[in-house]
Amino acid sequence: MAVQGQPSPTLHADMSKLHTDRAKLHTDRGNRPSDMAKQHSDDAHVPGEQDRLLGTQVCLTPEAAMGGDNGYARLQRRSHAALNLLMMPLQYIPAVVLGLIMNLLDGLSYGLIAFPVSIPVFDKFGPAGFSMYMLSSAIAQFVYSSGASAFRGANGTMLIEAIPFLYAICNKIVSVVGVEQPDRVIATTMAAYATSTIITGLVFFLLGFLRIGVLVDFFPRHILVGCIGGVGYFLMQTGMEVTSQIQLSLSWPVLRELFAPNALGLWGSSLGLAVLLRVLCTRFTHPLFVPMFFMVVPAMFYITTAALGLSMETLRATGWVFALPDAGEPFYHFYTLFDFGNTDWHAVVKAVPTMLGLAFFSILHVPINVPALAVSTNVDKIDTNRELLAHGISNLASGCLGSFQNYLVYSNSVLFIRSGGDSNLAGMILGVVTLGVFISGPSIIGYIPTMVVGALIFHLGLELVKESLVDTIGVVNRIEYVTIVVIVLAMATIGFNEGIFIGIMMACFFFILLYSRRTALRKAYTGSAVRSTVRRLYSQRRFLDDVCRQIQVMRLQGFMFFGTINGIEAYIRNLLEQCQWQENPIRFLVLDFALVNGMDFSAAEAFIRVRRLLEAREIYMVICGAEKSTEVGRALRSAAGVWSDDESEYVQTAQSLNEALEWCENVLLQFYYLHQAAEHGTEMPHSYSFVSTPQFKDVDMYGSSPRHAMVTEATHSAMPSSHNSTPSLQAHQAPAFPLLHQAFMDLDSDVTADETLAWIAPHFERKQHPPAQHVWLAGSSADAMYIVESGTLRVYVENGSESEAVESILPGTLLGELALITGQPHGTTVVSDGSVVMWELSKSVFDELSTAEPAKMLAFVRLALMYPAQGMKAITAYAFCAQ
């Protein structure tokens, strides 16, 4: 029992519940941050406005609550809550009225022409088409507003662009069944319409259910634009037929009848209103202008006819107003037209290709309307597959109920949401009133001026033709524009399915034509422009500088197919032409497939001819950037052994371009050392035995050719002179001195260099590193510099979460000198590749010598900095050319 003067627990609970309901009400009124901010701002600036909208809901104070008994207070609160529930839908009335007007205008315009009224069998099917339109729109509205769509307040209506396909279905059925069996034609048409809607729904549903809606995005947009232009032409033709009640054909009697005074007035007034509307729309851009225009036109029409004293009977007889539906025709009349026992299913099957074309055309609207609506309503993370599922459910339901295809309409949805209907409840209310119009029957049709319907049809037709043929000028390229024009003309003269087919064929042809013009060769250069990042002796670099022109690199890109491979093959043949061969003879052709994402059999087969052509010239084909397990690798392996497991001498493979260049350079250096051994009677250096190249028996493997002359000359040029080959200081040499002399002998021929090296050599200590040991890590401080005696090291850089090898360090070369001299931390990681022996100059010794003998240390630093300067050119060239 509550204490006198204190609020009861029940009152507290009820008041809390009231606050909770109020918060939920705020959530239902708008789900966007902008709406919530606006609502809170309005409430703050207009005292009491929120309470007025919510039914004067004011929380009672405890004192006021205790003014009467507890039962009366609870009754009062519950009445306020009930009043809130009744008042809440009232805020959506403007948006619902606007949505209903749009549905009525579209239903009266396009529902009336859903059946080809120019065919005598369907001349009185306007009311049935209107009822089916409203039913399809109501079903779509219920499905989208039930939560199937992510958009709150999305509007769904019949797919207007389906009308040309529906006419094609009717024409096919009439041609198969025959006009002498009208009942059978009608029953078959109704069954075909419903079947077409079910097929469309299944396509939508399967795309969303299997989550493959992204496939729709691959369809060329200019094909859709061409189809839209064809629909626009069809609507203009239909507008003339509906208003003039004449079936158009290219014949003199039809043209003469079309320009008779009454017929000309009927379709001319409609076309004039449409043109006037388009002119006014350039001045008045408010979204409500078009609905208001078509609400004013009927009023002006009836004011004018009343002033002229024209009766409704006269207006209907002359075609200015639609005829009244048959007396007593119920809203479900179109269901009586279904007769599955009298349906010609053979004719339905004949119309299936048109149904599939309609389904294909229908699904193209989702990837256009959904993203556009998401942008206009500030909705993020839209799932296209979810919207496809919603479209599938609404179309399956509409087809099972015997109605038309439907879809989410962008323009109506934006207008509805911006008018305050941004709620699923508002969408449900719109669905209810639309269903109410459907149940009330099509009697309203008998009072609609034909010029209103004709103007709406002409307006949309002109808009679609303009969007297709005018707005695309300067936006699409010439080939795409020609395709759009051809599609429109084909749909106008041949048929809609034929137009789509022609458009797809033209798109495929022009795609091949345009893509084949794009070269698959990204870059082409010789080994003089790009070198491997291997750190080599200066004498080796000098030799390679002279002979690396024998390495030809071709970096390929894109998808290689029969349209692009011819250009690659022609480029390779041009390299082997006699005049080009004399100027730049090549020994290696490096084909980099790192940027190639696919290859067809024709392209892979072309590399067979390339391989044979290269083998005839004793040229090595080095394939890099393609793993055996990739699509490109499988294509090369399957194409008659372009890349096989037989380890052919003239076909080599590498993981990367850097490794391919390294292999080519090592083969050239192999000849360098063979020639050096032949000249001086020495043996091949054991430190280069790791290179996996074929072991050649003699130096004449290059033969008498420009290549042989180039290598021989480069070998003599790079071989050390007698002055540099022998250290000038023989006595008391430190163990590290010969290695230092070998590394620096070609950098500085001055005798003082040997003196500097002899001074620093005793301070180097011999170190041995086991395989896979880190010499230093990226980011670590420099603690020494090294010169490699034997073995190989790899330099790695961080590439995200992985490490990538970017450089190899061979015997006789320095490392770590820059970090030691500058005092900066290491930017790379160095790891021993196998067992490595190095000589180390520690940082402590370096600092001590810098203090004790600054002049000598400065001379050594200058020598040490000359060494990496020689390698910067190769690294820079590779970084620039190999990307």
Side-chain angles (χ1 to χ4, degrees), residues 110-111 113-116 119 121-122 125 128-129 132-133 135-136 139-140 157-177 184-209 213 215-216 219 223-224 226-228 230-231 234 238 334 337-340 342-366 388 391-407 487 490-491 494-504:
Y110 311 114
I113 62 172
F115 293 89
I119 299 178
V121 177
F122 304 104
F125 270 58
M132 294 170 68
Y133 181 98
L135 177 60
S136 177
I139 292 172
T157 64
M158 171 193 169
L159 181 64
I160 298 171
E161 290 86 349
I163 293 176
F165 295 91
L166 298 179
Y167 277 33
I169 292 174
C170 287
N171 292 331
K172 174 62 69 175
I173 291 173
V174 170
S175 65
V176 174
V177 178
R184 191 171 179 83
V185 169
I186 293 172
T188 305
T189 301
M190 298 300 294
Y193 274 21
T195 303
S196 175
T197 306
I198 292 174
I199 291 176
T200 301
L202 285 174
V203 173
F204 273 121
F205 187 84
L206 289 176
L207 285 174
F209 180 77
L215 295 178
V216 182
F219 189 78
I223 303 297
L224 177 60
C227 295
I228 289 174
V231 172
F234 168 81
T238 304
F334 71 91
L337 304 177
F338 284 91
D339 185 358
F340 295 112
N342 195 30
T343 299
D344 189 337
W345 294 105
H346 175 70
V348 174
V349 173
K350 287 270 189 178
V352 167
T354 304
M355 299 177 189
L356 294 176
L358 173 54
F360 177 74
F361 183 74
S362 300
I363 63 176
L364 299 180
H365 288 77
V366 174
L388 287 170
H391 280 71
I393 294 171
S394 63
N395 279 274
L396 285 173
S398 181
C400 292
L401 293 176
S403 190
F404 301 128
Q405 290 86 353
N406 51 57
Y407 75 128
I487 292 174
M491 287 185 167
I494 305 175
F496 272 80
N497 285 337
E498 292 81 358
I500 293 177
F501 179 77
I502 291 174
I504 293 176

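Just the heavy atoms: all of them, side chains too, but no hydrogens, waters or symmetry mates, feed the values below. Each residue takes its place number in the sequence, starting with 1.
- Taking the side chain to side chain contact (heavy atoms under 4.5 Å, CB included) definition, one finds that Asn171 meets it with Ile119, sequence neighbours left out.
- Between Leu396 and Leu202, some side-chain heavy-atom pair lies under the 4.5 Å cut-off.
- Val121 has its side chain out of reach of Val174: every pair of non-hydrogen atoms, C-beta onward, lies at least 4.5 Å apart.
- Atom CZ of Phe204 sits about 8.5 Å away from atom NE2 of His365, to the nearest 0.5 Å.
- Note that the CG atom of Leu224 and the CZ atom of Phe360 stand 9.0 Å from one another [nearest 0.5 Å].
- Checked against side chain to side chain donor-acceptor pair (under 3.5 Å), Thr189 has no partners two or more places apart in sequence or in another chain.
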Listed pairs under 3.5 Å, donor-acceptor, residues 162-169 side chains, sequence neighbours left out:
{"unit_1": "Tyr167", "atom_1": "OH", "unit_2": "Ile113", "atom_2": "O", "d": "2.6"}
{"unit_1": "Tyr167", "atom_1": "OH", "unit_2": "Phe115", "atom_2": "O", "d": "3.4"}

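- At least one side-chain heavy atom of Met355 sits less than 4.5 Å from a side-chain heavy atom of Val348.
- A 4.5 Å side-chain heavy-atom check between Phe340 and Trp345 finds at least one atom pair inside the cut-off.
- Closest non-hydrogen pair, Gly129 versus Ala114, comes out as CA-CB, 4.4 Å.
- Closest heavy-atom contact between Phe334 and Gly402: CE1-O, 3.8 Å.
- Rounding to the nearest 0.5 angstrom, the gap separating the CD1 atom in Ile487 from the CD1 atom in Ile494 is 12.0 Å.
- Counting heavy atoms from C-beta on, the side chains of Tyr133 and Thr157 come closer than 4.5 Å.
- For the side chain to side chain contact (heavy atoms under 4.5 Å, CB included) test, residues two or more places apart in sequence or in another chain that qualify with Lys172 are Ser175, Val176, Lys350, Ala351.
- Met491 has its side chain out of reach of Phe234: every pair of non-hydrogen atoms, C-beta onward, lies at least 4.5 Å apart.
- Heavy atoms of other residues, nucleotides or ligands lying less than 6.0 angstrom from CZ of Phe501 number 12 at most.
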Quick one: do Leu135 and Phe404 satisfy side chain to side chain contact (heavy atoms under 4.5 Å, CB included)? Show the steps, please. CA-CA 8 Å; Leu135 177 60; Phe404 301 128; over 6 Å; no

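- Within the 4.5 Å cutoff, the side chain of Thr343 has heavy atoms near those of the Thr188 side chain.
- Annotation: side chain to side chain donor-acceptor pair (under 3.5 Å) contacts of Ser362 (sequence neighbours excluded): none.
- Ile173 approaches Ala192 most closely through the heavy-atom pair CD1-CB, 3.6 Å.
- For Ile393, the side chain to side chain contact (heavy atoms under 4.5 Å, CB included) partners are Val143, Phe205, not counting sequence neighbours.
- For Cys170 against Pro116, the heavy-atom pair with the smallest separation is SG-CD, 3.6 Å.
- Here the CD1-CG distance, from Ile198 to Leu401, works out to 9.5 Å after rounding to the nearest 0.5 Å.
- When all heavy atoms are compared, the tightest approach of Cys227 to Ile500 is SG-CG1, 3.6 Å.
- The minimum heavy-atom distance linking Ala359 with Ile199 is given by the pair CB-CG2, 4.4 Å.
- Here the side chain of Ser136 pairs no donor or acceptor atom with the backbone of Met132 at under 3.5 angstrom.
- Here Thr197 pairs with Asn395, Ser398, Gln405 under the side chain to side chain contact (heavy atoms under 4.5 Å, CB included) rule; sequence neighbours left out.
- Here the side chains of Phe209 and Leu388 are not in contact, with every heavy-atom distance at 4.5 Å or above.
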